[in-house]
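Below: the structure, in structure tokens.
Just so it is clear, the structure is predicted and the values come from calculations on it, not from any experiment. Indexing begins at 1, ligand by ligand and atom by atom, following the structure's order.
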Amino acid sequence: MKLTSLCVYCGSSTGNEPSMMAEADRFGHMMAKEGVGLVYGGGGVGLMGAVARAVLAGGGQVTGVIPRFLTEIEVQFDEVSELIVTDSMHARKQLMFERAQAFVALPGGIGTVEETIEMLTWAQLGRHSQPIIIANLNGFWDPMIELLDHIIKAGFARSNIRSIYSVVDKVEDILPRIEASL
Ligand code: AMP
């Protein structure tokens, strides 16, 4: 199956390492080049903004899904191809889930962690089997991967949850990894 819509979870901040913004930008251009549309949280700030701008700059399609309260207090990104405003965070996350064939976690904060873990949880419960890719740029996600291993070791999750997600080290590996499992 051809990948046409990808949900990217990532920081609404830029982080301290300039390379993270640069990698988000590079990944957005790769998506556009491969004809992969972006589904994301609709923000214009941080890595979120970098990915969205790059997809658009490359001629790609961007769908932003944002809860109304964030449009009132935060910087949304008006240039998206399609902006969907939801009544709640829950509705937003559900819609992002429904609109995407696969999920990627670029570096980010607790919002990114929550969204990524939620997709792992839903997969663990058999609600979906779409690919989930952890983009471990510069080892950023090492502590989260270690936490997942720790949970398995302590007997609070089965080791087969490792098959729910894939870890890649470079943005170049994200799309091929997804294409291989669709
Ligand atoms: P974090 O990783 O904590 O920076 O949070 C990233 C997530 O927070 C995004 O995927 C959104 O769910 C949400 N978020 C934070 N700021 C914004 C914003 N300005 N516009 C849209 N979503 C945002």
(message) Any nitrogen or oxygen of G44 lying under 3.5 Å from a nitrogen or oxygen in ligand 1? Just yes or no.
(response) no
(request) State whether the shortest distance between N or O atoms of V45 and N or O atoms of ligand 1 falls below 3.5 angstrom. (result)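 No - when backbone and side-chain N and O of V45 are compared with those of ligand 1, no distance drops under 3.5 Å.
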(request) For residues F27 and L175, determine if any side-chain heavy atom of one lies less than 4.5 Å from a side-chain heavy atom of the other. (result)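 SC-SC contact between F27 and L175 confirmed.
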(request) Take every heavy atom of K93, measure it against each atom of ligand 1, and state whether any distance is under 4.0 Å. (result) no
(message) Tell me whether ligand 1 is touched by R92 - counting only heavy atoms on the residue side and a distance under 4.0 Å.
(response)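 So R92 counts as touching ligand 1.
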(message) Counting only heavy atoms closer than 4.0 Å, does ligand 1 sit against the backbone of T112, its side chain, both, or neither?
(response)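 Looking at T112 and ligand 1, atoms from backbone and side chain both fall under 4.0 Å.
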(request) Could you point out which residue of L147, N136, V167 forms a side chain to side chain contact (heavy atoms under 4.5 Å, CB included) with W141? (result)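 Going through the options one by one, the only one that passes is N136.
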(message) Checking side chain to side chain contact (heavy atoms under 4.5 Å, CB included) between V36 and each of M31, Q101, M30, which is the one that passes?
(response)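 It is M31; the other options fail the test.
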(message) As a check for students: among P107, S12, G15, identify the option with a heavy atom nearest to atom 4 (O) of ligand 1.
(response) S12
(message) Looking at non-hydrogen atoms alone, which of C10, C7, G109 comes nearest to atom 6 (C) of ligand 1?
(response)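 That would be C10.
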(request) Considering only NZ, NE, NH1 and NH2 on the basic side and carboxylate oxygens on the acidic side, decide whether R26 and E172 come within less than 4.0 Å. (result)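 E172 and R26: salt-bridged.
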(message) Looking at D87, I'd like to know if its CG atom is crowded, meaning that more than 12 non-hydrogen atoms belonging to other residues, nucleotides or ligands lie closer than 6.0 Å.
(response)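 No, not enclosed.
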(request) Say whether M119 and I110 are linked into one hydrophobic cluster, either directly or through other cluster members, by side-chain heavy-atom distances under 4.5 angstrom. (result)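 Different clusters.
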(request) Report whether F69 and M96 are members of the same hydrophobic cluster (ILVMFWY, side-chain heavy atoms less than 4.5 Å apart, transitive linking). (result)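 They do share one cluster, since a chain of ILVMFWY contacts under 4.5 Å joins F69 to M96.
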(message) As an exercise, identify every atom of ligand 1 less than 4.0 angstrom from a heavy atom of I66.
(response) 20 (N), 21 (C)
(request) Would you mind running through ligand 1 and noting each atom that sits below 4.0 Å from a heavy atom of G11? (result)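 Listed by number with element, the hits are 2 (O), 4 (O).
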